[in-house]
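One structure below.
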Amino acid sequence: MSTVRTRFAPSPTGYMHIGGMRTALFNWLWARHNGGKFILRIDDTDRARNVEDALEPILEAFKWLGLDWDEGPEIGGDYGPYFQSERSDFYIEAVQKLLDAGLAYHDFDPPELVQQDREAAENEKRPFLNVRRSLELSDSEKKQYLEEGRPSVIRLLVDRSQKVSVDDHIRGHVEWDCGLIPDPVIMRGDQTPLYNFATVVDDAAMKITHVIRAEEHLTNTAVQVLIYQALGYDVPEFAHIPFVAAPGTKEKLSKRDKKIEKYKKNPQFKKLFDIADNVFPKLNLGSSVTLNPVMVAYYREAGFLPEAIINGLSRLGWSLDDKTENMSREFVIENFTLDRVVKASAGLDPDKLLSYQEHWMEQLSTDEKYDFCLPFLQRAGLVGEDFSAEQRDQIVRLIEASGDRLKLASDILAFDEFLVSDDSLTYDEKAFKKRLLKPERAVEILRDYRAVLADSNDFTAAALESEFKSWMEANNLGFGDIIHSLRVATTGKASGLGMFEALELLGRESSLARIDRAIEKAESEKSE
RNA sequence: GGCCCCAUCGUCUAGCGGCCUAGGACAUUGGAUUUUCAGUCCAGUAACACGGGUUCAAAUCCCGUUGGGGUCACCA
């Protein structure tokens, strides 16, 4: 059996679509599962400029997720070039072959005329078939037209009496009546190929064995198979996988601005947009609109783990059995098969994605979490490029103390109170009011406890807690009488780490300074 | 509208004729862990779109209906 060769052929659009990434992943998985080759080919046929800039984010997405390619940009390969804009000769040669064999023809009808034909068909409620006027031309007329440079396109001559079919790995047997298929244009007058044609020529030249792509291409397959046959090429195997739908819908996930606005209101999707709105401004990354969950880059910037995205994408439209959910990249490679791909389209599930993220985050050691989180802290300006050993230690302790609360790497940014100076700590005003201003004795109790803290000889969480409890009992107080005001006073927030972990993390000096500052603030606001 | 695809809990899915009084995960609800948040543990709610067949037997096979989606370019 020949080596399995799969490919993904993105257009350089300036971003990587999460749905496209899933398609690429399935191609990659199938190649890796079979010990085959995964090829990246760039579909830049009609936008030659700025290809490099527009391609960069796409390659970046592949690298981030660890989907390595065996042939393609940056590395080349035996079947290059891997940019379609550089493959004109192949297309011209293939077209010439079809022309010579009488399987394709020059069509001199101007686009407007074709459009008229189309409208006429629509008005008469019959399926549109292009009118083959140019086929009626005599040889001398054709020759004359060509010589005088009359504009034309080249169409494949479809045998309208035939049927064409594929046996798709996922869809099964699918058949089309060629009598309903207009002769497709395969090359424009300027000798640039059209998608369906270029794809076939390249897939054949690159010896692609399995064309795994989204279901929306199923209809294209009829024409493509016809082209394979006309060219005398072996037809590859096809697997039309379901596309990724917007959360909670069956609609194809789209990047169009209008849709993005709609997604922001989708209750399931909203969660991801909220993360962006909360985190990206801190990182100077713009908003949830310019960098949104339809793009792979969103997940990287929001602090997802590649493992979580791979896991989530793998389970979107594919499953191993009735129970396995958490799967490593290696495990999926080992077990991925096309026959277990689901047929129905699958909506992206933000909640599930987040739960995979939690799972993979749990697997990380403190050191790994530190490496993962540090860049986020630096980009948010909470830690400088150069920092002291004490700062490093503080971050490590913060990561340990935050435990499960750290789900995304960017979650660390929510604990900024442990990284800012006592003077620049900001208070959640609502919480401050509720916990320090409103309760009659809040300030008084806080002041009492401050004295206890000042005298503590062991400033560790465990010691502080037991000391706190005996003090509380001795003074006939309940947890609720002080814990909230203490939290707001020392962290500025209504919720956060375990209270005594927080105090330990801050240390005696900061804890006392912050309590003093809060008391001062409370008193001045009370007297107003 | 033509052509094509699809149809199990809210979501992602298991199920490929009897093991199904339909399983798992996420979400959700209630309870426990009596400082917040998070987590953990226990328990619960929740689905075979509908109608005909075939069969001793149908979520599973066939047909139809309905619903959803994709695609109909000298875009990719």
Side-chain angles (χ1 to χ4, degrees), chain A residues 9-11 13 43-47 84 107 109-111 114-115 118 121-122 125-128 151-155 168 170-172 174-177 180-182 184-190 192-196 198-199 214-222 240 242-243 245 247-252 267-268 312 315-326 339-340 342-356 358 362 402-407 411 414 431 435 465 468-469 472 478-484 486-488 491 493-500 502:
Chain A
S11 297
T13 50
D43 247 327
D44 58 346
T45 44
D46 69 346
R47 57 199 101 192
Q84 290 193 318
D107 182 359
D109 288 356
V114 178
Q115 186 52 34
R118 202 183 305 277
E122 203 169 311
K125 295 192 168 168
R126 63 179 158 79
F128 167 74
S152 69
V153 294
I154 296 166
R155 287 183 189 271
D168 191 272
I170 292 149
R171 307 288 141 192
V174 185
E175 198 170 74
W176 295 270
D177 181 352
L180 263 19
I181 302 176
V185 174
I186 56 177
M187 189 168 274
R188 300 185 187 88
D190 64 359
T192 57
L194 272 91
Y195 169 75
N196 275 328
T199 296
E215 172 186 9
E216 62 213 73
H217 286 283
L218 187 55
T219 316
N220 281 330
T221 310
H240 286 91
F243 50 78
T249 75
K250 297 287 178 205
E251 266 172 62
K252 195 167 71 167
Q268 297 175 68
R315 280 288 288 100
L316 211 54
W318 177 82
S319 71
L320 174 61
D321 53 28
D322 60 344
K323 51 178 78 70
T324 313
E325 291 287 346
N326 297 128
D339 63 327
R340 291 206 58 84
V342 173
K343 288 178 162 184
S345 59
L348 186 72
D349 188 341
D351 281 324
K352 201 115 189 196
L353 206 48
L354 253 4
S355 88
Y356 289 124
E358 280 182 52
E362 265 174 44
S402 40
D404 293 329
R405 295 173 184 80
L406 220 51
K407 296 189 170 77
D411 286 341
R435 302 301 188 184
E465 182 165 3
F468 177 87
K469 280 180 176 160
M472 200 176 73
F479 260 109
D481 293 326
I482 177 155
I483 212 83
H484 301 294
L486 179 60
R487 179 184 297 285
V488 174
T491 69
K493 292 171 185 169
S495 70
L497 307 183
M499 189 66 251
F500 304 100

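Below, read A as the first sequence line, B as the second, and so on, with proteins coming before strands; counting in each chain starts at 1. We use all heavy atoms of the structure for the numbers below, so side chains are in, but hydrogens, waters and symmetry mates are not.
Going from the P atom of B/rA14 to that of B/rU8 covers 10 Å, rounded to whole Å. Nucleotides B/rU55 and B/rU60 place their C1' atoms 13 Å apart, quoted to the nearest Å. Across B/rC9 and B/rC61, the matching C1' atoms stand 25 Å from one another, rounded to whole Å.
A/S402 pairs by the side-chain hydrogen bond (donor to acceptor under 3.5 Å, both in side chains) definition with nothing, not counting sequence neighbours. Under the salt bridge (charged side-chain N to carboxylate O under 4.0 Å, His left out) criterion, A/E465 pairs with A/K469, not counting sequence neighbours.
One can place CD1 of A/I181 at 11 Å from C1' of B/rC4, the figure rounded to the nearest angstrom. B/rC26 atom C1' lies 11 Å from atom CG of A/L353, rounded to whole Å. The distance from atom CD of A/Q268 to atom P of B/rC12 is 8 Å, rounded to the nearest whole Å. Between the CZ atom of A/F500 and the P atom of B/rU35 there is a distance of 9 Å, rounded to whole Å.
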- Message: I'd like to compare against my own output: the B/S/- annotation of nucleotides 58-66 of chain B with a strict under-4.0 Å heavy-atom distance to protein.
- Response: ---------
- How would nucleotides 36-42 of chain B be written as a contact map, 5' to 3', with B for base contact, S for sugar-phosphate-only contact and - for no contact, using protein heavy atoms under 4.0 Å? BBSS---
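Across all strands shown, B/rC26 is found opposite B/rG10 as a Watson-Crick or G-U wobble partner, with both distances under 3.5 Å. If you check B/rC50 for Watson-Crick or wobble pairing at under 3.5 angstrom, you find it paired to B/rG64. Pair assignment for B/rA32: B/rU40, on the basis of Watson-Crick or G-U wobble contacts that are both within less than 3.5 Å. Across all strands shown, B/rU55 has no partner, as no Watson-Crick or G-U wobble contact with both distances under 3.5 Å is found.
Residue A/L316 forms a side chain to side chain contact (heavy atoms under 4.5 Å, CB included) with just one option from A/V342, A/L353, A/L348, and that option is A/L348. Here the options are A/D321, A/N326, A/D322, the test is side-chain hydrogen bond (donor to acceptor under 3.5 Å, both in side chains), and the partner is A/T324; only A/D321 passes.
For A/S319 and B/rA14, the shortest distance from a side-chain N or O to OP1 or OP2 is below 4.0 Å.
Among the heavy atoms of the strands lying under 4.0 Å from A/R340 are primed sugar atoms or P, OP1, OP2 only; no base atom is included. As judged by a 4.0 angstrom heavy-atom cut-off over every strand, A/K343 is placed among residues touching the sugar-phosphate backbone only.
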- Taking it one step at a time, do A/F128 and A/E122 satisfy side chain to side chain contact (heavy atoms under 4.5 Å, CB included)? CA-CA 7 Å; A/F128 167 74; A/E122 203 169 311; over 6 Å; no
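Under the 3.5 Å distance criterion, the side-chain polar atoms of A/R340 are matched with a main-chain donor or acceptor of A/S319. Although no hydrogens or angles enter the test, the distance criterion places no donor-acceptor pair under 3.5 Å between the side chain of A/T199 and the main chain of A/N196. Remark: the backbone N or O of A/H240 is paired with a side-chain donor or acceptor of A/D168 at under 3.5 angstrom. Looking at A/T221, its side chain does come within 3.5 Å of a backbone N or O of A/H217 through a donor-acceptor pair.
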With the criterion being N/O to N/O and under 3.5 Å, what pairs connect the protein with nucleotides 70-74 of chain B, and how long is each?
residue	atom	partner	partner atom	Å
B/rU71	OP1	A/K252	NZ	2.9
B/rA73	OP2	A/R118	NH1	2.9
B/rA73	O5'	A/R118	NH1	3.3
B/rC74	N4	A/D109	O	3.1
B/rC74	N4	A/P111	N	3.1

Report all interatomic pairs (protein N or O, nucleotide N or O of nucleotides 18-25 of chain B) with separations under 3.5 Å.
residue	atom	partner	partner atom	Å
B/rG23	N2	A/D322	O	3.3
B/rG24	N2	A/E325	OE2	3.0
B/rA25	N3	A/K352	NZ	2.6

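The local environment of CD in A/E175 is crowded, with over 12 non-hydrogen atoms from other residues, nucleotides or ligands closer than 6.0 Å.
When distances are taken from the side chain of A/V342 to each of B/rA14, B/rC5, B/rG2, the shortest belongs to B/rA14. Distances were taken from every side-chain heavy atom of A/V174 (C-beta onward) to each of B/rC4, B/rA76, B/rC12; the shortest belongs to B/rC4. Minimum atom distance to the side chain of A/D351 is reached by B/rA27, of the listed B/rA27, B/rC6, B/rC3.
The CZ atom of A/R487 sits 11.0 Å away from the NZ atom of A/K493 when rounded to the nearest 0.5 Å. To the nearest 0.5 Å, atoms CZ (A/R405) and OG (A/S495) are separated by 9.0 Å. Going from atom CD of A/E325 over to atom CG of A/L320 covers 10.5 Å, rounded to the nearest 0.5 Å.
The shortest non-hydrogen separation linking A/G189 to A/V153 is N-CG1, 4.2 Å. Nearest heavy-atom pair, A/F243 versus A/A214, reported as atom, atom and distance to 0.1 Å: CB-CB, 4.5 Å.
Mapping A/P127 and A/N196 onto RNA chain B by nearest heavy atom places A/P127 at the nucleotide closer to the 5' end.
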